[in-house]
Amino acid sequence: CDDECSGLLISDMDRLYRIITDVTLTTPLPPPYKALYRFENMTEELKHMLSPHKAPERLLQLADSNLGSLVVEMDQLHSRATKVSADGEQVEDDADRIHKRAEDLEQFIRDTLLGA
């Protein structure tokens, strides 16, 4: 053991022996709660991401059906707006006609009063 290398190895082995003998293996080691909790969270996230409701194909089908119903609702809204607009124009025409008849009636009453 003239070289320093074997002396270092022997002292490292002695230190390792002391560490091993200091540890009692009769009591159970506590579980690594932090790591277990992290794995549980990751598992829950993966379950959520891989659930059938979150599958890309399912989401595409849902988006497609929502788009179809949105188009139908927009068409219905457009037809209702067109009908309301036409009704508004009809009301305007009726109001103009009634106003004209009221003016004619007013003129008739004035003429009748003047004639009397």
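Here the structure is a predicted model, which means the values were calculated and not measured.
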Please list, one pair per line, the donor and acceptor atoms closer than 3.5 Å that link side chains of residues 69-76 to other protein atoms, with sequence neighbours excluded.
from: S69; atom 1: OG; to: S65; atom 2: O; distance (Å): 3.4
from: S69; atom 1: OG; to: N66; atom 2: O; distance (Å): 2.9

Side-chain donor-acceptor pairs of residues 9-20 under 3.5 Å, sequence neighbours excluded:
from: S11; atom 1: OG; to: G7; atom 2: O; distance (Å): 3.4
from: S11; atom 1: OG; to: L8; atom 2: O; distance (Å): 2.9
from: D12; atom 1: OD1; to: R15; atom 2: NH2; distance (Å): 2.5
from: D14; atom 1: OD2; to: R18; atom 2: NH2; distance (Å): 3.0

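For I109, the side chain to side chain contact (heavy atoms under 4.5 Å, CB included) criterion is met by L105, L113, not counting sequence neighbours. For the side-chain hydrogen bond (donor to acceptor under 3.5 Å, both in side chains) test, residues two or more places apart in sequence or in another chain that qualify with K100 are D104. With sequence neighbours excluded, the residues satisfying side-chain hydrogen bond (donor to acceptor under 3.5 Å, both in side chains) with Q107 are D111. Under the side-chain hydrogen bond (donor to acceptor under 3.5 Å, both in side chains) criterion, E106 pairs with R110, not counting sequence neighbours.
For residues 81-99, the set of pairs meeting the side-chain hydrogen bond (donor to acceptor under 3.5 Å, both in side chains) definition, not counting sequence neighbours, comprises Q90-D94, D94-R97, H99-E103.
When hydrophobic residues (I, L, V, M, F, W, Y) are linked wherever their side-chain heavy atoms come within less than 4.5 Å, L60 remains an isolated member.
Taking CG of N41 as the start and OH of Y37 as the end, the distance is 4.5 Å to the nearest 0.5 Å.
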